[in-house]
> 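Please find one structure pasted underneath; my questions will follow.
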Amino acid sequence: MRAALAVTGASLRRVGRDRRALFFLVVLPIVVIVIVGATVRGFSTVRVGVVDLGAGRAGRSLTVAMQRAGNLDVRRYPSLDAATTAVARGEVSTAVVLPRGMSSAIRSGRAVTVAVMADRANSTQQAAAAAVASVVAEEGALVQAASFSSSQGLGSYEQDLARATTLQRRAAQVGVVTRIVDSNAQTLPQGFGYSAPTMLVLFVFLNAVASGAVIVETRRMGLYERMAAAPVRQSAIVVGETFAYFTVALGQALLIVLVGAMVFGVSWGDPLAASVLVVLWALVAAGAGVLSGTLFRTPEQAGAIGPPVGIVLGMLGGCMWPLSIVSGFMRQVGHLTPQAWAVDGWTDLMSRNGTLVSVGPELAVLAGFAAGLILLSTVRLRRVLA
Amino acid sequence: MNVRAPPADPEGLRAAATGHVLSCTGLTKSFGRRRAVDLVGLHVDAGQIYGLLGPNGAGKTTTIKMVCGLLDPDEGTVAVAGRDIRDLAVRALIGYVPQEVALYPDLTARENLAFLGRLYRLRGRVLGERVDEVLEVTGLSDRARERVEAFSGGMRRRLNIAAGLLHHPRLLVLDEPTVGVDPQSRHAILERVRSLGAGGMAVLYTTHYMEEADRVCDRVGILDHGRLIAEGTKRELVARLGEKDRIDLVASGDMEALAAACRSVPDVATAAAVDGRVNVVAGDGRRVLPALLEAAERSGAAVHSVEVVEADLESVFLHLTGTALRE
Ligand SMILES: Nc1ncnc2c1ncn2[C@@H]1O[C@H](COP(=O)(O)OP(=O)(O)OP(=O)(O)O)[C@@H](O)[C@H]1O
Ligand SMILES: [Mg+2]
């Protein structure tokens, strides 16, 4: 046991020394999370048109507030006609009409009607209306008496009014940042909620496989032979080395979870289930990493072949794009990779409020992958040491 | 197990009584069809330095790996202090210094030693003391906190040896420890090995440098093509040659033809070409010299200088194998 820990300690110390390894472990994943998070956020932005019919100061501040809201892309239109056409063409999902004299009306305590125009055919109108409503709600003090109505094509005025009011009430509780919690969502949340878990899955695995080079190097330098000359069981060396890979993978995963939660506001779902998922994923990565260390002849091979393999598995497994958008066949192929099960697990935890029970199947499959990979890598490493 | 002194087991004591720290019998190992080691048997006693001498590919490293339990022999046995090498605990009695430097380049000297010491079950204060001790012994104390990758080749070799001494082994096994080392470091290493032997350690030392075996070893085994073709003290081995001298001709031209010409001279036992030299073993050096030079001239080679030296291990090897060792 002590010998195994000595092996783990030496390996970890070496990782700590390696600037390049630290770059790949820490800096790169976070940079990619930011880039991918920003890109995917772009797709989810709702385009909103604004028509200011002379609303004054209150209108301007509402417009600024909407512009500031991260998920709204605000475009101004000079007239009601222009905005109507834009909605009809789908240039914007929604148009907000700020009525003439809004400022003074608010000041004198009269009710103000802010019209939200939307096209029935536009599927994002709900989100758009909700987003606008939430901005309006933030400006609550200013637009206390605001109500919503629809000006065109959405059934009776009463229905629209009712919906608008519900939206408004909900908006008062929901912050500006959208978090879609839908009981049958097939994809991860947007923004960092998408990039953080997928990049965790991608990088922890990829990094482990690439660092198989360390085992190849250790072998070539004759260190395993030297260890074997000591009164140490082979199994201690295998356990020690595997534990080092596990520790690095777990450390990297925890770092991504922490930075995701604290810096990017990612909500990882049920803490217990998320912890189990992280640990299982670190075990899968450790098994794959040690295995890669026994498959290559030179460290260069491991360094050159490991990352592409990790990336291809990541693509197949839904780290780059959701598997819900690919064909059924590719989805099945994807589920031959552990990545797909891990991403499914995160989707359940983060988009559907999943629990240990509901992610049970994913966790079970991942445990199977982990056991299989570690068993295989142990057999292989023992052969290398002999 | 007690880390301060070797275990005082009854078997070990018995072995110590007979004097054999290491005893190998009938060691044989083949790789595919090639027999790398063929029925090698040898003993090393406490305080004795045993030199295993042989050219490249003779089977030195293969023998050493079997001695250290890193390679299972096809046949034969290895016992250290009377206990079979397959017993894991026996390895704590052996200090193995591999032929290639086996250290983590990105860790410091001290970190490398501390790691290897832990594998030999040293820890805490004792570990720290031992690390300091072997650094001192190998003259690396002032470089202890530097990474091994910043070390010169000679310093790495010294550290490689230091790692083998951490746990105060009863048997120290060194596989060509001086390859690629400058004369000064080499001298230091040889002196160190000698003093370890004088301190009571049993040492198994392989080399293909004759003069090293000459200088440090109490007993020499000559290995060629996996076979131990001669064994004894240096004096015994040289005496086997009878009254013979070695003559070294430094020459240029067709060296093989020159060697053949030398062999045709009466009273010449053997002659072999190495690099720019032909080494000759003959009955009475001074007497055969004229005939040798005449034969050389007939062969067409140009002889630049001639040296007659007393028979040494080089001559023994030449005599036994008909080929010269490098150097
Ligand atoms: N793992 C192996 N597989 C196949 N052949 C091997 C292996 N190890 C050694 N040999 C062969 O066994 C023979 C003896 O090799 P060994 O390394 O023991 O020689 P050596 O005396 O140590 O040589 P050197 O002075 O070059 O270190 C050589 O012919 C070598 O090619
Ligand atoms: Mg060798």
Side-chain angles (χ1 to χ4, degrees), chain A residues 1-25 211 213-241 243-244 247-248 293 298-300 303 381-386, chain B residues 1 3 7 61 64-72 80 83 85-108 110-124 127 147-149 156 159-160 163-164 166-167 169 171-173 175:
Chain A
M1 189 59 200
R2 278 173 191 278
L5 284 181
V7 174
T8 307
S11 293
L12 290 182
R13 214 178 265 264
R14 297 185 64 212
V15 174
R17 288 289 152 78
D18 186 353
R19 293 234 174 96
R20 239 182 32 161
L22 289 180
F23 173 77
F24 284 109
L25 272 174
S211 62
V214 176
I215 286 184
V216 181
E217 206 189 359
T218 308
R219 180 179 76 207
R220 296 220 309 175
M221 290 186 307
L223 269 143
Y224 287 132
E225 189 177 272
R226 186 163 216 161
M227 294 179 205
V232 167
R233 267 176 224 295
Q234 223 178 44
S235 54
I237 301 173
V238 173
V239 168
E241 207 66 290
F243 193 60
T247 309
V248 170
T298 65
E300 291 74 23
L381 188 55
R382 274 177 167 275
R383 194 171 302 169
V384 165
L385 295 182
Chain B
M1 134 183 189
V3 290
T61 299
I64 286 225
K65 285 188 179 170
M66 289 190 282
V67 165
C68 295
L70 294 169
L71 206 57
D72 287 332
V80 176
R83 292 158 67 185
I85 188 64
R86 281 169 295 188
D87 177 356
L88 199 64
V90 171
R91 300 191 184 184
L93 306 177
I94 307 173
Y96 168 55
V97 179
Q99 180 167 0
E100 307 294 337
V101 173
L103 298 163
Y104 287 120
D106 39 6
L107 296 187
T108 67
R110 176 173 288 280
E111 286 166 340
N112 267 290
L113 294 175
F115 164 61
L116 292 168
R118 279 189 200 103
L119 296 187
Y120 284 89
R121 301 172 192 178
L122 300 173
R123 48 183 175 268
L127 176 61
R147 290 194 200 184
V148 171
E149 62 200 356
R156 284 177 209 202
L159 190 62
N160 200 36
L166 278 167
H167 55 293
L171 171 68
L172 180 65
V173 178
D175 196 359

> List for me each residue that meets salt bridge (Lys or Arg N to Asp or Glu O under 4.0 Å) alongside Arg382(A), sequence neighbours excluded, and say none if there are none.
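Once residues adjacent in sequence are excluded, Arg382(A) has no partner under the salt bridge (Lys or Arg N to Asp or Glu O under 4.0 Å) criterion.
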
> What residues of residues 225-232 of chain A sit under 4.5 Å from chain B when you count only heavy atoms?
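Those residues of residues 225-232 of chain A which have a heavy atom under 4.5 Å from chain B are Glu225(A), Arg226(A), Met227(A), Ala228(A), Ala229(A), Ala230(A), Pro231(A), Val232(A).
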
> Please flag which part of Arg17(A) lies under 4.5 Å from any non-hydrogen atom of chain B: side chain, backbone, both or neither.
both

> I need the minimum non-hydrogen distance between Ala6(A) and Leu119(B), along with the two atoms involved.
CB-CD2, 4.3 Å

> Using a cut-off of under 4.5 Å for heavy-atom pairs, which of Pro98(B), Ala114(B), Gly164(B), Gly69(B) has the most such pairs with chain A?
Pro98(B)

> What closest approach, in Å, do Phe115(B) and Ala10(A) show between heavy atoms, and which atom pair accounts for it?
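So the minimum-distance heavy-atom pair works out to CD1-CB, 3.7 Å.
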
> Counting only heavy atoms closer than 4.5 Å, note whether Arg220(A) contacts chain B via side chain, backbone, both or neither.
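Neither part, no heavy atoms under 4.5 Å.
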
> Mind checking what makes side chain to side chain donor-acceptor pair (under 3.5 Å) contact with Arg86(B), not counting sequence neighbours?
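Scan of Arg86(B) (side chain to side chain donor-acceptor pair (under 3.5 Å), adjacent residues dropped) gives Asp84(B).
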
> Tell me which of these, Asp106(B), Val101(B), Leu107(B), has more heavy-atom pairs under 4.5 Å with chain A than the rest.
Asp106(B)

> Say you draw a straight line from CZ of Arg118(B) to CZ of Arg2(A); how long is it, rounded to the nearest 0.5 Å?
10.0 Å

> For Arg13(A), which residues count as a salt bridge (Lys or Arg N to Asp or Glu O under 4.0 Å) partner, sequence neighbours excluded?
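Arg13(A) satisfies salt bridge (Lys or Arg N to Asp or Glu O under 4.0 Å) with Glu111(B) only.
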
> Please rank Leu71(B), Leu103(B), Ile94(B), Leu116(B) by heavy-atom pairs under 4.5 Å with chain A and give me the top one.
Leu103(B)

